[in-house]
2 protein chains.
Amino acid sequence: MKQRITLKKIAREFGVSISTVSKALKNSNEISGELRDKIKAFADYYNYKPNSLALQLRNQKTSVIGVIIPEIVHHFFSTVIDGIEVYANEKGYNVMVCLSNESFEKEVANISVLANGTIDGLIVSIARGTQKKDNYHHFEELIKEDFPLVLFDRVNDALKCDKVIIDDIGGGYSAAEHLLEIGSKRIALLTTQDFITVGALRKVGYRKAMQNAGLDVDEDYVFKLDDAEDLYEQIEKVFELEQAPDAILAVNEIYAAIAMKIAKEKGYKIPDDIAVLGFTSGLISEFTSPPLTSVVQHGFLMGQKSAELLINRIEHTAGKEYHKEVISTNLKIRESTKR
Amino acid sequence: MKQRITLKKIAREFGVSISTVSKALKNSNEISGELRDKIKAFADYYNYKPNSLALQLRNQKTSVIGVIIPEIVHHFFSTVIDGIEVYANEKGYNVMVCLSNESFEKEVANISVLANGTIDGLIVSIARGTQKKDNYHHFEELIKEDFPLVLFDRVNDALKCDKVIIDDIGGGYSAAEHLLEIGSKRIALLTTQDFITVGALRKVGYRKAMQNAGLDVDEDYVFKLDDAEDLYEQIEKVFELEQAPDAILAVNEIYAAIAMKIAKEKGYKIPDDIAVLGFTSGLISEFTSPPLTSVVQHGFLMGQKSAELLINRIEHTAGKEYHKEVISTNLKIRESTKR
DNA sequence: TATGAACACGAAAACGTTGTAGTGACATTA
DNA sequence: TAATGTCACTACAACGTTTTCGTGTTCATA
């Protein structure tokens, strides 16, 4: 790569000092009109742009915010990033994305390379590995140093920082409620392992709705799937219950779509024999047949809110107390539950 | 945010010079064992980490690569980023993602803020707005300065730089060929406006396959959709042809899924009355019913290749000639074309 | 004829780091 | 005793920028 032109080189060219060049380019009237114009023309010709590293170092500000997400190939996370990007850009910030790939170690490593001057603040959704390990030292370090930090979606309540979460309990509740309203009696729940907080919270909502309707939750109808290769096999077990469920509530779109596929293979009519409902963030729900009723999560909004909280914290270190924003969900009713 | 600890502060604490501290922390044996240990303990306690901005400025290297994509909420682009991230990380680089939102202006702006010292190299997929405007000055500037640049997917042949593309012609060809093989005679093509190169190239492949089979391409069967709100209406026109097509080849997953939905509504049996085939990068194809046969694009690989080319160029400015990698596609045959 | 603006520029510090080239103090060698 | 070495440390430049505080000239004013 060619060497970029610097103030120093321009100064040498004109036999003046660096300060003079800097001022000339900034249209300072300390510099005579004639020299100013010559310098500007020259700089323009060589396409001079101030080196941002130097500026960042001087101003002790990078205008970059870091984002660490578990994976990017996930519609929900992309929408969040989109929201972050849009808001951040508006405010003059750039976004640096890193992936933890759900791994504790990568999360730690990412934080360690990011939080050393490269970024002004950090937005994170906690990796599965970290939740499993239940080790949050790397976040506590940041918090101890008052480093601007916002957690979203996968958060940990013990950490003292701003947070943005989906109303997972509410989502689970209204999903189950809807299934009950259409007359379902035996609702199977497809959820994740317990340490995944969002799955756990959605289950809480489901349980609440059931109790509210005077129904007991039969643990046989709760399937805690692990994200392995054999999702099909794991979900098939739903249909081996003594009394088949008449509705399935899945905590994500994929589980729901697979369940529906299996149900159809086994000859169930949807929604008549069995209703299916998922949480969504992607496009699958719209294109299955029948299209899936689902709890939609507003990822874009979540991203925007996260960026807003972060930038507020960066710019006005003011407010000492931390905010916890809750993004509510919508129930998008499609054919899979219309009966 | 609390002030981070610096070499200077440590030096002041011990009444020694900055260099001494720097060397002590680097285990230099120029420094006596005793002092070295004390300094290291102190630095450790205060969690000293060298400021990366300072290092980047000094070393004239950021180890960050910039990526500009048209949009992130698009499975294909996320997989590419994933590939870039993985490869870059392996090589010790971080990734900074920016979105052009398909806009020429934002693309220009992004390049201008990135290519000023913040990044060592840039990977871009050209915005639709830029293709429409046919204005590539911002890239030419970079190339003129020998700035490491890799274009992927949406490229422009006139630009002298490394490129990674999908074999769109080949994909279009094998898609059409497959439809012909299963006995289709009238294949409708759902593609994009001409200035979108990937759409245009896939059409070339389609045309080639048709000619190869001794068939003329009837332009009435070619639908150039624009990405507006009324995709449904636009695609419905396919079914208003005098002689209905017996196969549909769509240049992306959404077009294909919508076409299939409409076809089913109109009472067509898939694949018997009409076969449907799309290009995919996402999960929709798997969960439609019937599942969609599609040309799969290896986004992850594309990302890896792009990062590889870029980092090679950054590190060994060597090779003067530019590479053009072609990632070939796979045809994943599902139910929508099995007859 | 001093005084003091106005003008047009330069010096230097600061941001945080690293590496090269000193520099004293002491010990060893011829 | 003088030259040489070693040890343990410091000074300084460099990366590129901005900004505050000079400083020397010219010109007008009292």
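The sequence lines fix the lettering, A, B, ..., with proteins before strands; numbering per chain opens at 1.
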Notebook entry, point to check: Near B:K132 NZ, under 6.0 Å, is it more than 12 heavy atoms from other residues, nucleotides or ligands?
Noted result: no
Checklist line | Near-strand residues of residues 52-62 of chain B, defined as heavy-atom separation under 4.0 angstrom from DNA chain D | finding: B:L57, B:R58, B:Q60
Check: Does atom NZ of A:K9 have more than 12 heavy-atom neighbours from other groups under 6.0 Å away?
Finding: yes
Notebook entry, point to check: For B:K40, does its backbone N or O pair with a side-chain atom of B:D44 as donor and acceptor, under 3.5 Å?
Noted result: no
Margin query: It should be established whether B:K8 places a side-chain nitrogen or oxygen under 4.0 Å from OP1 or OP2 of nucleotide C:dT17.
Written below: no
Next item on the list: Give B:T6 one of three labels, base, sugar-phosphate or nothing, depending on what nucleic acid heavy atoms sit under 4.0 Å from its own.
Entry: sugar-phosphate
Notebook entry, point to check: Has B:S22 got a side-chain N or O lying under 4.0 Å from the OP1 or OP2 atom of C:dT17?
Noted result: no
Checklist line | Residue pair B:E140 / B:H137, side-chain donor-acceptor N/O under 3.5 Å | finding: yes
Notebook entry, point to check: Does anyone know the first and last nucleotide of DNA chain D in reach of chain B, 5' to 3', at under 4.0 angstrom to a heavy atom?
Noted result: D:dA8 to D:dG16
Next item on the list: Just call it for B:F14: base, sugar-phosphate, or nothing, with non-hydrogen atoms closer than 4.0 Å on any strand.
Entry: nothing
Atom pairs, N/O to N/O, protein against nucleotides 6-9 of chain C, distance under 3.5 Å?
| unit_1 | atom_1 | unit_2 | atom_2 | d |
| --- | --- | --- | --- | --- |
| C:dC9 | OP2 | A:S32 | N | 2.8 |
| C:dC9 | OP2 | A:S32 | OG | 3.0 |
| C:dC9 | N4 | A:E30 | OE1 | 2.4 |

Margin query: Between A:D120 (side chain only) and A:I65 (backbone N and O only), is there a donor and an acceptor less than 3.5 Å apart?
Written below: no
